[in-house]
Amino acid sequence: LSGQPSLWWIDWRLSRTPLVRETIGRFLFFCLLGFALLSLLLSGGVRRFLSDRYTITAVLRAEVPSAEAEGLARKVAALPPVRSAAYRDPEAAWKEFLRAYPGLDPLRGAGGNPLPGYIELRIRPDRLTRADVDLVVSALRSVSHVEQVLAGEEGLPRLLRAGRLASWVCWGIFGAFFAGFFIVGRLQERARAVALAGDFAFLAERGVPAGRLAFLRAAAAAVSGFLLAAAGTAAGGGALFLSLRKFPFLEGVIGSPSDLLLPRTAAAVALFSCGAALLSAAASLLGWRAARSGPE
Amino acid sequence: MTRGTRRILSALLAAVVSLGILFPTAAPAARDVARELRKERGRLLKMKEREEKTALELTEALRKEKLSKGRVGELQALLTRQRSLLSRIDRQVSALNERLERAEKAVRELEAAHGQARTDLQRAEVVAFAGQRAGAGDPWSPSARERERHFMRLYLAADAEGIARITRARERKAEELSGLERQVAVTERKMAREKKVGDTLLSRQEEERRRLADIEREKKRKAKELKSLRAKIARMESVVSRVERQVKERERRARKGAGGSAAREPAEAPRRFASLSGGLSAPLTGKIVTRFGRQHDTTFDVTIENRGVEIEAPSGASVKSVGQGEVAFAGAVSGFGNVLIVQHGGGLFSVYGRLETFLVKQGEAVKKGTVVGSLPGSPSGKSVLYLELRAGGTAIDPTSAIPLDR
């Protein structure tokens with residue numbers, strides 16, 4: 001290419017203003033998409049939400065002392081699928097129960113507290129499966145101090161199915177947006193190719209092969225797509241970080257901000273950026289071809 | 001026969017002895033006196049018979065009184081026992097009533113607690129239903145709701161168990177109550193029965209007391225009569241004694257008039273049993289059951305003067321003369337049965353009463369140890385001999401002159 005004008009960023013040189021607008025638009029889009037991607041990555045769809053909502057209750061026998069119950073809770077917390085295990089003594093159970101049924105308080109003044117203590121377990125979001133739940137439940141049932149295990153056996157399959165469905169929907173929406181990005185990108189590329197058809201014809205008359213022009217345009221689109229996706233995702237990640245810090249309740253749904261810095265998150269972002277680059281290149285090529293074949 | 005009567009009879013006996021001995025030997029000049037004596041003796045005997053009859057009646061009255069007192073005492077003891085029993089039953093009834101009251105209170109409390117618990121349970125059920133309908137707890141927390149439902153089941157089960165416990169306790173108390181009521185009814189019936197028995201006893205006691213009062217009156221009357229009779233007898237004795245002295249005086253004069261050996265003989269006669277020739281021996285082998293002298297009779301609560309002793313011996317035992325002498329009298333004397341009197345001379349006499357048979361006759365000489373009679377038979381195998389010693393018209397304690405088993 002030495003001695004000849006560079007065909008890199010030819011669009012940028014030939015049509016600067018529209019391309020700036022497109023770039024800004026794509027960046028903002030990738031910001032949103034990156035925010036969504038990171039949210040989905042951290043939350044695992046709705047798994048984190050479900051794992052926060054779903055708990056296993058190990059109802060202890062009435063005669064179990066608090067010290068032993070707390071020891072048991074620590075042991076249970078060490079199980080791989082278990083995210084946390086907290087012991088609630090009978091008094092706490094009674095207060096919680098009365099909060100749920102406030103009308104009962106005066107009805108049992110003389111009878112005392114009939115409720116035992118319990119251990120509340122939460123499963124890791126990534127281990128919220130039937131197998132892991134069964135593992136924990138069977139482990140709890142083998143303990144003599146445990147009177148009964150409440151694992152929502154009736155509703156658990158439904159819950160897991162709903163979780164899976166919700167995750168698919170989330171990822172589907174995300175994919176749809178990504179696909180939308182591809183479609184819009186193709187249309188934009190075609191429109192630009194049509195707009196710059198005269199310039200490209202001029203270059204062709206002067207011996208620049210059309211394929212080379214198309215390749216270089218696609219390569220430029222891929223690079224810009226990668227960079228925009230990476231930058232937009234980074235910006236979206238920053239916004240997510242700030243949101244999680246500002247609104248802690250979101251942690252229960254999305255996850256901890258510190259998870260954003262995990263290598264797997266970064267790898268996912270890189271993969272996403274690569275995907276964006278590929279889609280950008282594909283959109284450029286398809287838009288070129290569409291412009292060359294005439295009006296659609 | 002009473003001991004007082006015996007005392008009187010012994011006095012009479014002495015008079016009779018004196019007369020029985022002296023009269024046959026009295027001088028013709030003393031016929032008037034003898035007649036008077038016979039007359040007086042006849043009167044004395046009649047009075048004695050009356051006295052004996054009165055004494056017997058008095059004895060009967062005393063026996064009746066004793067019997068009646070015994071009955072009254074028995075009835076009193078029965079009444080005391082009955083009152084004690086009634087009091088015990090009354091205490092039992094009180095205790096049972098107290099227990100009954102406590103049990104009733106407990107049942108009432110349990111019923112109230114049962115009602116309250118049932119109401120609470122119903123309200124809890126309403127609260128549970130409303131809570132479930134309204135989505136108790138966070139609807140986004142199915143596990144928490146499941147736990148709350150489980151706890152609600154535990155709560156309701158505890159309430160139901162509480163009601164069941166109260167129901168059981170109430171049933172137990174109700175059973176106890178009905179048992180107590182039965183017990184009270186039984187005890188009250190028993191008390192009514194015992195009260196009836198007590199009333200019967202009381203009426204019997206009252207009746208017995210009235211009878212006792214009648215007997216007391218009768219006894220007093222008889223005692224008064226007896227006292228009057230005894231006074232008369234005493235006066236009679238005095239008369240007889242006076243006559244006896246007169247007889248003796250005449251005898252002494254007659255001897256003085258006759259002079260010589262006849263007058264000397266009585267003068268030489270012993271005046272004390274200790275100086276009796278040959279000494280004295282026991283009339284039979286036996287035990288003294290009534291002592292000589294002033295004795296207190298616990299039966300009639302009187303002090304009596306015994307002129308002799310009573311010796312208990314086997315039935316049919318032979319009675320021997322305590323010393324040498326002559327039978328002065330052998331005949332029946334009212335109150336003493338068959339009486340034998342032996343004159344030992346010098347104004348000494350031995351008297352044997354309550355004999356069945358005489359083995360000697362009046363005027364017959366006897367030696368010490370001569371069998372003079374025998375005691376009567378008795379179903380108990382024991383009979384009593386009355387023995388009296390008289391010296392110079394005075395009764396002396398036979399145990400002071402004769403060795404007798406006490």
Side-chain angles (χ1 to χ4, degrees), chain A residues 46 49-62 88 90 92-123 128 133 137 147-156 158-160 162-163 249 252-253, chain B residues 102 105-173:
Chain A
V46 293
F49 174 74
L50 290 182
S51 77
D52 204 50
R53 300 289 91 189
Y54 173 76
T55 58
I56 296 173
T57 301
V59 181
L60 302 177
R61 294 187 190 283
R88 305 268 189 279
W94 178 241
K95 283 179 182 169
E96 181 189 325
F97 180 67
L98 289 182
R99 273 197 301 277
Y101 298 97
L104 292 178
D105 194 15
L107 297 182
R108 206 173 166 82
N113 176 16
L115 305 183
Y118 69 92
I119 295 172
E120 188 182 55
L121 296 94
R122 284 192 160 77
I123 304 294
L128 187 59
V133 168
V137 168
E147 173 82 37
Q148 197 167 355
V149 179
L150 306 173
E153 271 92 350
E154 290 174 7
L156 183 62
R158 199 165 57 242
L159 188 74
L160 292 176
F249 68 90
V253 182
Chain B
R102 278 202 301 274
K105 193 180 171 192
V107 167
R108 279 198 302 275
E109 284 172 357
L110 282 168
E111 275 174 356
H114 186 259
Q116 184 62 43
R118 281 190 69 84
T119 308
D120 286 351
L121 180 62
Q122 282 167 0
R123 285 181 187 165
E125 284 167 349
V126 170
V127 169
F129 177 73
Q132 288 303 310
R133 292 285 294 171
D138 183 4
W140 291 99
S141 304
S143 299
R145 290 198 66 186
E146 183 189 20
R147 189 166 58 237
E148 283 156 11
R149 280 198 302 276
H150 178 73
F151 282 167
M152 177 52 88
R153 278 196 292 273
L154 290 182
Y155 177 92
L156 294 176
D159 264 9
E161 174 57 30
I163 289 174
R165 206 166 43 243
I166 291 170
T167 306
R168 285 196 297 273
R170 192 183 60 171
E171 283 169 359
R172 275 201 305 275
K173 277 287 169 194

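- Taking CG from A/Leu150 and CZ from B/Arg149, the interatomic distance works out to 9.5 Å, rounded to the nearest 0.5 Å.
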CA sep, side-chain torsions, deciding dist, call: B/Arg147, A/Phe97, side-chain contact (heavy atoms from CB on, under 4.5 Å)
CA-CA 9 Å; B/Arg147 189 166 58 237; A/Phe97 180 67; over 6 Å; no
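- The main-chain N or O of A/Tyr54 is never found under 3.5 Å from a side-chain atom of B/Ser143 such that the two would form a donor-acceptor pair.
- Scanning for ring pair (Phe, Tyr, Trp, His ring centres under 6.0 Å) contacts around A/Tyr118 gives B/Phe151, with sequence neighbours left out.
- Atoms CG and CD, from B/Leu154 and A/Gln148 in turn, are 7.5 Å apart once rounded to the nearest 0.5 Å.
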B/Glu146 and A/Thr57: CA distance, side-chain angles, deciding distance, side-chain contact (heavy atoms from CB on, under 4.5 Å) verdict
CA-CA 9 Å; B/Glu146 183 189 20; A/Thr57 301; 6.0 Å; no
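- Interatomic distance, A/Leu98 CG to B/Tyr155 OH, rounded to the nearest 0.5 Å: 8.0 Å.
- Sparse packing is recorded around CZ of A/Arg158, with 12 or fewer heavy atoms of other residues, nucleotides or ligands lying under 6.0 Å away.
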